[in-house]
Number of protein chains: 2
Amino acid sequence: MPDPARIYTTKSDYAYDRVRKMILEGHLAPGQVLNQASLATEIGISTTPLREALRRLKGEGLVELDAHRDGRVSPLSAEEARDLLEIRRSLDPLAAALAAERRTKADIAEMRSAHEGLEPLPGDPSYDQLLHHRRFHAAIYFASHNDILISTLEELWNKADRYRRMALQVERGQAARDQKAHEHQSLLDCIISGNVEGAATVMREHIDTSLGAHAAWRLKQQTDES
Amino acid sequence: MPDPARIYTTKSDYAYDRVRKMILEGHLAPGQVLNQASLATEIGISTTPLREALRRLKGEGLVELDAHRDGRVSPLSAEEARDLLEIRRSLDPLAAALAAERRTKADIAEMRSAHEGLEPLPGDPSYDQLLHHRRFHAAIYFASHNDILISTLEELWNKADRYRRMALQVERGQAARDQKAHEHQSLLDCIISGNVEGAATVMREHIDTSLGAHAAWRLKQQTDES
DNA sequence: TTCAAGGTTATAGCGTACAGAACCCACCTC
DNA sequence: GAGGTGGGTTCTGTACGCTATAACCTTGAA
């Protein structure tokens with residue numbers, strides 16, 4: 001556990017990171033009730049900065065918070081999975097296209113470095129593996145040089161992460177994982193060579209066959225059955 | 001001035017609405033320093049709920065807030081105007097297409113009602129006129145039945161509003177305003193008749209020739225000159 | 001006996017006031 | 001003129017009191 005005073009400029013930021021990580025890693029399960037007092041003592045701060053963090057997470061849709069009601073971690077739903085997919089299907093290709101247009105030498109270096117040793121996620125991936133995967137996509141976002149697009153996509157990524165984890169509970173075949181690796185490679189090639197159309201097309205394909213798409217499909221099945 | 005206790009469930013929400021409105025209406029100018037203590041007394045609350053509101057506005061990009069530094073209203077910039085346009089050019093057509101696919105009878109009624117008496121914005125528009133215009137577009141967003149897309153677009157709209165205001169300082173010709181009215185009409189027609197492709201196309205056109213686009217162009221000129 | 005409705009109490013979130021910490025600026029010294 | 005130090009200002013965090021909600025219990029009627 002890092003020392004809050006050393007790394008973060010405010011305890012509010014620290015609380016935000018801690019709680020967010022707890023939600024994304026599943027230590028706080030979807031639907032779980034959040035007691036502000038006990039959460040605050042667990043993190044080691046008082047309730048005011050925690051509240052600010054929770055409000056921020058509410059803004060990002062990770063927690064539900066009504067006045068004078070106990071807050072809870074937002075539950076997963078087939079609708080949200082579908083919603084996320086529809087937007088990312090539109091914005092991720094945009095980011096890839098813009099990246100192919102505007103990438104600098106530094107961007108290319110970062111994308112190459114993030115791609116280095118990147119392997120398709122196994123079932124039950126480590127936090128580091130998820131981070132590595134994210135870093136590659138974040139590098140593409142960054143190369144778009146559109147700040148609002150970057151932060152929007154980062155937020156969508158956070159929301160999607162919980163669905164990704166869910167999809168990874170079912171082991172994928174080697175063929176599917178090879179396919180993902182191939183897509184990462186051609187994504188990189190297209191962006192570096194300035195192939196705007198190609199980058200967008202590959203990215204759209206990448207999203208359509210992504211873990212999030214699998215999760216959306218599975219959740220829809222569950223909903224339709226019941 | 002509304003009584004906070006009566007309308008809002010928390011003072012934090014009240015403060016958020018008040019400050020946001022002050023920024024969007026220009027009572028707090030871009031770049032202006034925000035003193036928490038005086039802002040709080042002006043609104044009639046203490047600093048804690050105000051701080052929560054400011055943090056929320058920071059998340060939406062309307063204020064800049066660093067640790068232990070004085071906060072300020074985010075300045076306008078050519079980059080942000082361009083960034084906004086690029087994303088809206090992608091997401092607004094998506095919303096229109098989804099709306100054409102999923103609109104319910106209630107959606108159609110609301111879109112029709114919002115379109116009723118809608119007139120292209122004059123120079124120096126009233127708050128009500130801006131609201132009416134927004135209501136029409138919000139009705140389209142809503143008909144997409146994608147909650148994340150709706151909230152994302154609402155946020156982008158807020159950010160874009162300040163640029164819209166800027167563009168309206170230059171009076172538009174009657175031809176341009178007639179064109180906008182025509183676009184609103186065919187947007188409505190396409191969505192109601194379920195013309196998915198058409199709705200997306202008209203919306204893209206609508207964005208490309210929007211006030212935000214004019215503002216982006218003007219800001220770019222200014223930057224290039226200096 | 002069971003269910004429903006109203007009131008009361010307990011619990012947990014919200015708001016205020018104040019104390020603490022960090023930053024900025026002015027002033028002084030070298 | 002440049003660098004450092006001190007005071008003042010403003011933001012951040014804590015503690016506590018307030019208020020709203022919800023759960024439980026009692027009471028009455030079916």
Side-chain angles (χ1 to χ4, degrees), chain A residues 1-20 22-23 28-75, chain B residues 1-20 22-23 28-75:
Chain A
M1 183 162 55
D3 178 8
R6 236 151 239 299
I7 301 177
Y8 296 89
T9 48
T10 67
K11 299 207 175 178
S12 181
D13 286 348
Y14 174 67
Y16 168 77
D17 263 23
R18 279 293 295 276
V19 177
R20 183 167 142 276
M22 284 162 99
I23 294 174
L28 290 173
Q32 185 172 336
V33 171
L34 299 172
N35 183 305
Q36 294 188 357
S38 53
L39 237 189
T41 52
E42 187 183 338
I43 292 176
I45 57 171
S46 67
T47 57
T48 302
L50 174 65
R51 234 158 63 203
E52 288 172 359
L54 290 178
R55 287 253 157 80
R56 201 168 149 195
L57 290 165
K58 177 195 176 186
E60 296 178 8
L62 284 177
V63 310
E64 295 178 348
L65 212 56
D66 286 319
H68 293 286
R69 299 255 171 71
D70 45 29
R72 43 188 72 233
V73 180
S74 299
Chain B
M1 182 164 57
D3 177 9
R6 234 151 241 300
I7 301 177
Y8 295 88
T9 48
T10 67
K11 299 208 174 178
S12 180
D13 286 348
Y14 173 68
Y16 168 77
D17 262 25
R18 279 291 297 276
V19 177
R20 183 168 141 275
M22 283 162 99
I23 294 174
L28 291 173
Q32 185 172 336
V33 170
L34 299 172
N35 182 305
Q36 293 187 356
S38 52
L39 237 188
T41 52
E42 187 183 339
I43 292 176
I45 56 171
S46 68
T47 56
T48 302
L50 174 66
R51 233 158 64 201
E52 289 171 0
L54 290 178
R55 287 254 157 80
R56 200 168 149 195
L57 290 165
K58 178 195 175 186
E60 297 179 8
L62 284 177
V63 309
E64 294 179 346
L65 211 55
D66 286 320
H68 294 288
R69 298 255 168 68
D70 46 27
R72 41 187 75 232
V73 179
S74 299

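The sequence lines fix the lettering, A, B, ..., with proteins before strands; numbering per chain opens at 1.
In this structure a side-chain-to-backbone donor-acceptor pair under 3.5 Å is present from B:Ser74 to B:Gly61.
B:Ala29 approaches B:Val73 most closely through the heavy-atom pair O-CB, 3.3 Å. Taking both residues in full, the closest heavy atoms of B:Ala37 and B:Asn35 are given as N-OD1, 2.9 Å, listed atom of the first, atom of the second, then distance. The heavy-atom pair separating A:Leu28 from A:Leu34 by the smallest distance is CD1-CD2, 3.8 Å. In terms of heavy-atom proximity, B:Thr9 sits nearest to B:Asp13 at OG1-OD2, 3.7 Å.
Annotation: the span from B:Gln32 atom CD to B:Ile23 atom CD1 amounts to 9.5 Å, rounded to 0.5 Å.
Among the heavy atoms of the strands lying under 4.0 Å from B:Asp66 are primed sugar atoms or P, OP1, OP2 only; no base atom is included.
If you take CG of A:Asp70 and P of D:dA23, they are 9 Å apart, rounded to a whole angstrom. Taking atom CG of residue B:Leu54 and atom P of nucleotide D:dT10, one finds them 15 Å apart after rounding to whole Å. Across the protein-nucleic acid pair, B:Leu50 atom CG and D:dC11 atom C1' stand 11 Å apart, rounded to whole Å. D:dT10 atom P lies 13 Å from atom CZ of B:Arg72, rounded to whole Å.
Contact check of residues 28-36 of chain A against DNA chain C (heavy atom, cut-off under 4.0 Å) returns A:Leu34, A:Asn35, A:Gln36.
Put simply, chain A comes within 4.0 Å of DNA chain C, heavy atom to any atom, from C:dA12 to C:dG15, going 5' to 3'.
Proximity note for A:Ser12 (side chain, C-beta onward) versus D:dA20, D:dC11, D:dG13: the nearest is D:dG13. For A:Pro49, counting side-chain heavy atoms from C-beta on, the closest listed nucleotide (D:dG13, D:dA20, D:dC11) is D:dG13.
With B:Tyr16 as the partner, the side-chain hydrogen bond (donor to acceptor under 3.5 Å, both in side chains) test is satisfied by one option alone out of B:Arg55, B:Glu60, B:Arg56: B:Glu60. Checking A:Arg72, A:Arg20, A:Lys58 one by one against A:Val63, the side-chain contact (heavy atoms from CB on, under 4.5 Å) holds for a single residue, A:Lys58.
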* To do: Take B:Thr48 and A:Arg51, measure what side-chain contact (heavy atoms from CB on, under 4.5 Å) needs, and give me the verdict at the end.
  => CA-CA 10 Å; B:Thr48 302; A:Arg51 234 158 63 203; 3.7 Å; yes
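Between B:Arg55 and the phosphate of D:dT12, there is a side-chain N or O to OP1/OP2 separation shorter than 4.0 Å.
Each of A:Arg69 and B:Ala37 was matched to the nucleotide of DNA chain D holding its nearest heavy atom; the match closer to the 5' end belongs to B:Ala37.
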